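Quick note: residue numbers are just sequence positions, from 1. As the structure lists them, so they are numbered: ligands from 1, and atoms in each ligand from 1. Note that this is a predicted model, so its numbers are computed, not measured.
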Amino acid sequence: MTRIVGIDLGTTNSLIAYMDGQTPRVIAGRNERGMVSSVVAMTDNGLIVGDPAKEHLVRNPERTIYSVKRFMGKSLEDVSEELTYFPYKLQEQGGVIRIQIGDKTYSPPQISAMILRELKRRAEEHLGEDITKAVITVPAYFNDSQRQATKDAGLIAGLDVLRIINEPTAASLAYGLQKKTQGTIAVYDLGGGTFDISILKLKDGIFEVLATNGNTYLGGDDFDRTLVNLLLNEIREQHGCSLDQYPDQMQALRLEAERAKIRLSDEQKTMVVLELPSGHGVFRRQITRDQLEGLTTALVEQTLGPCRLALKDAGLQPAQIDEVVLVGGSTRMPLVRRRVQDLFGKVPHSELNPDEVVALGAAVQADILSGGTQDMLLLDVTPLSLGIETMGGVVSPLIRRNTTIPASAKEMFTTYVDGQTSVDIHILQGERELAQDNRSLARFQLKVPPLPAGVPRIEVMFLIDANGILHVTARDVRTGLTQSVEVKPSYGLSDEEVERMIGESFKFAAEDLKARQIIEARTEAEAIIKATEKALELGGHLIDSAETTAIKTALAELQAARAGDEHRGIRARIADLEKATHHLAEVLMDTSLKEALQNKKLSELT
Ligand code: AMP
C-alpha cells in the first residue's frame with residue numbers, strides 16, 4: 001500500500017508528518033528542525049526554500065517570497081488592502097494573482113508547490129521511498145477556490161492530494177478527540193502572523209465547524225515588534241544610535257527579541273545582548289517575564305474578542321465547550337495559556353508540540369484514509385456536490401462539494417407538462433452540468449394532482465446527517481404529500497473516483513456550461529411556447545388582432561431561435577415573447593394560467 005503523508009502548509013512554517021506504527025511523527029530536516037519556513041528566495045545561485053531563504057528577506061526583499069498562503073485562490077482585488085505589507089510585486093492575469101520575480105511571474109500555487117517539494121524531498125530522504133500521496137490542511141474558513149488552489153499546489157509538486165482537511169479538525173485528531181465521539185471543541189490557534197479560533201462540534205466521530213473567527217494580521221510577530229520598539233528606544237537614548245538605518249542590525253535585533261520572548265516562556269528573566277554598529281559599543285538589557293507580559297497583554301486581549309464572537313455564532317456559552325486545543329508557537333506563552341484558560345474555564349490541551357499538532361493530525365487523517373485505522377469514518381465535508389435532475393437532463397445542485405456536514409438545503413421545483421400526475425426525483429452526485437455525466441444515487445416518484453404546468457410547488461429537501469447519510473424528501477406544498485429516500489453517497493466511491501469526477505468537471509467545464517445553457521434556454525422556451533399557445537386559445541378573443549399578430553410573430557421567432565444553438569438568442573426571444581404576452585396575461589382571469597405564464601423561474605421536474 002502506498003504511504004500517505006500529512007502536510008501542514010502554513011503561512012510562516014510548514015511541516016510534513018507520517019504514521020510511525022500507531023504514532024504520528026513530524027519529519028525533521030538535517031538541522032533537526034521539523035519546521036520548514038514557508039519562504040522561497042530566487043537568487044542568482046538558484047532557488048532556495050525554507051530557513052536559508054529567510055536570510056534573503058533583508059538582502060533581497062523583491063525576490064524573496066513569504067506568506068504566499070495569504071494569496072492562495074485570491075484575486076488582486078481581494079487583497080488590495082494588504083499589498084502595502086509586501087515588498088514583492090504582485091499583478092493579476094485572468095483574475096488570478098501572479099507574483100513577479102525578475103522578468104518571470106509565478107502563481108501562488110506554484111510558489112506553494114516549491115515549499116511542498118521541499119517537504120516531499122525531506123520525507124523521501126527520511127523514509128527512503130517515493131512520496132506521491134498527501135493530506136493537506138487549510139484554515140477552516142478557506143473557501144472553495146482557496147482549497148482548490150491548495151490542491152493545485154500539491155499537483156504541481158507531484159503530490160496526489162487525497163483530502164484537504166481543516167486545520168482545527170487536524171489538531172483535534174492529533175489529540176485523538178474523535179475517539180470521544182461527542183462534544184464541543186474550541187481550537188485556539190495563535191501562530192507567527194495569524195490568529196484563528198474555531199468552534200467544532202463532534203458527533204459520532206465526525207467534526208462539524210460551527211463557527212470561525214480570528215485576525216489574519218495578529219501573531220507572534222506583533223509580540224516581537226513591541227519588544228523591538230522598546231529596545232530601539234533604549235538603544236537610541238542610551239547609545240545615541242538609531243538602528244533603523246542599519247538593516248542588518250535591525251534584523252539581528254528582531255531575531256534577538258524573538259529569542260528573548262521564547263526564552264521567557266520558560267524563564268522568569270533573560271538577557272538581550274546586541275553588538276551595535278561601529279563605535280556604539282554593546283547593548284545589554286535584562287528583561288523579565290512580567291515586563292514582557294506588560295508589553296503584550298493588549299495583544300493577547302485582542303484574541304479574546306474573536307473567541308467570544310465565535311462562541312456567540314455557535315450559540316454556545318464558554319462553559320459549554322468540552323475541550324480546548326492550543327495550536328501555534330505563540331500559545332507557548334504562559335500569558336496566552338492563562339487567558340485562554342480563564343475564558344473557557346478549563347485547562348487547554350497542550351501536551352503536544354503546538355507547532356506540530358496540525359501536521360500530526362494530518363498524518364492521522366492520512367492513516368485513516370489509507371485504511372490503517374478502520375474504526376472510524378471521517379467525513380467532515382461532502383467530497384462531491386449533490387443535486388437532482390431537472391428538465392432537459394441538467395443538474396440542479398442542492399449541496400455543493402466541500403460543504404461541512406451535517407448539512408441541509410431546500411429548493412422549490414414545479415412541473416413541465418400540463419396535467420402531469422407525478423414528478424421524477426433523480427438524485428445525482430458529481431460536478432458535471434448534465435445528469436448523464438454524474439453518478440446516479442437514487443430515483444423515486446412523487447404523485448401530484450393534475451394541474452397546468454408550472455403551477456404545482458414541489459419542495460425538495462436534502463439533508464446529510466453526521467453519518468454521511470443523505471435523506472431526500474420531496475413534498476407537494478399544495479397537498480402536503482411527501483415521499484422520501486435515504487442513500488449513502490460515499491457508498492462504493494473510492495478517493496480516486498472522487499478525484500476523477502472533480503478533475504473531469506474542470507476538464508469539461510466550458511463544454512458543460514455551454515450544453516447546460518442551451519438546454520435550459522430551450523426548455524424554458526418550450527414551456528413558454530406551450531403556455532402562450534394555450535393562453536391564445538383561451539384568451540385570444542379578449543385582445544385585439546394587432547396584439548394577437550405581435551404575439552404570433554414573437555412566438556414564431558422564438559420557435560426559430562429554439563431550433564438553433566445560441567442560448568443568448570433564445571433568451572432574447574423569450575424576453576420579446578414575454579413582453580408581447582404581458583397584456584394578455586393580465587387580461588386572463590384564470591390566475592392559475594397567469595401563474596403558468598409568469599412563474600417560469602422555477603426549474604421543472606420531469
Ligand atoms: P507558528 O507559525 O505556529 O510556527 O508560530 C511561530 C510563532 O510562535 C513565532 O512568532 C514564534 O516566535 C512563536 N513561538 C515559538 N515558540 C515560542 C515560545 N516558546 N514562546 C513564545 N512564542 C513562541
Using a 4.0 Å heavy-atom threshold (strictly under), name the region of Asn13 that reaches ligand 1: side chain, backbone, both or neither. side chain

Which of the ligand 1 atoms, numbered from 1, are nearer than 4.0 Å to a heavy atom of Met35: 4 (O)

Heavy-atom contact check, 4.0 Å cutoff: does Ser330 meet ligand 1? yes

Does Arg70 make a cation-pi contact with Tyr85 (under 6.0 Å, within 45 degrees of the axis)? no

Would you indicate whether Gln317, at its atom CD, is surrounded by more than 12 heavy atoms from other residues, nucleotides or ligands within a distance under 6.0 Å? no

Atom pairs and distances, side-chain donor-acceptor, residues 126-135, under 3.5 Å, sequence neighbours left out:
from	atom 1	to	atom 2	distance (Å)
Glu129	OE1	Arg3	NH2	3.3
Glu129	OE2	Arg3	NE	3.1

Looking at Glu124 and Arg121, is there a salt bridge between them, counting it only when a charged N and a carboxylate O are closer than 4.0 Å? no

Which of the atoms in ligand 1, numbered in the order shown and given with their element, are less than 4.0 Å from a heavy-atom of Gly328? 3 (O)

Please could you name the atoms of ligand 1 that Gly329 approaches to less than 4.0 Å, counting only its heavy atoms? 1 (P), 3 (O), 5 (O), 8 (O), 13 (C), 14 (N), 15 (C), 16 (N), 17 (C), 22 (N), 23 (C)

Taking only non-hydrogen atoms of Glu258 and a 4.0 Å limit, the atoms of ligand 1 in range are 9 (C), 11 (C), 12 (O)

Short N/O distance, under 3.5 Å, between Thr12 and ligand 1? yes

Nearest protein heavy-atom contact for atom 1 (P) of ligand 1: which residue, which atom, what distance? Asp355 OD1, 3.6 Å

Taking distance alone, with N or O pairs closer than 3.5 Å, would you say Met333 contacts ligand 1? no

Checking contacts here: is it the side chain or the backbone of Ser265 that comes within 4.0 Å of ligand 1, counting heavy atoms only? Could be both or neither. side chain

Check if Arg263 has a non-hydrogen atom at a distance under 4.0 Å from any atom of ligand 1. no

Measure the acute angle between the ring planes of His239 and Phe283, then classify it against the limits of 30° and 60° as parallel, tilted or perpendicular. perpendicular

With atom 22 (N) of ligand 1 as the reference point, say which of Arg332, Glu356, Lys261, Arg259 has the nearest heavy atom. Lys261

Which residue supplies the protein heavy atom nearest to atom 6 (C) of ligand 1, what is that atom called, and how far is it? Gly192 N, 3.7 Å

Show, in sequence, the C-alpha distance, side-chain angles and deciding distance for Arg98 and Leu90, and conclude whether the side-chain contact (heavy atoms from CB on, under 4.5 Å) test is met. CA-CA 6 Å; Arg98 307 280 306 180; Leu90 295 174; over 6 Å; no

Tell me, do Thr303 and Asn215 make a side-chain contact under 4.5 Å, heavy atoms counted? no

Taking only non-hydrogen atoms of Gly220 and a 4.0 Å limit, the atoms of ligand 1 in range are 10 (O)

Using 4.0 Å as the upper bound for N to carboxylate O, is an ion pair formed by Lys180 and Glu323? yes

Do the non-hydrogen side-chain atoms of Asp322 and Ile185 ever get within less than 4.5 Å of each other? no

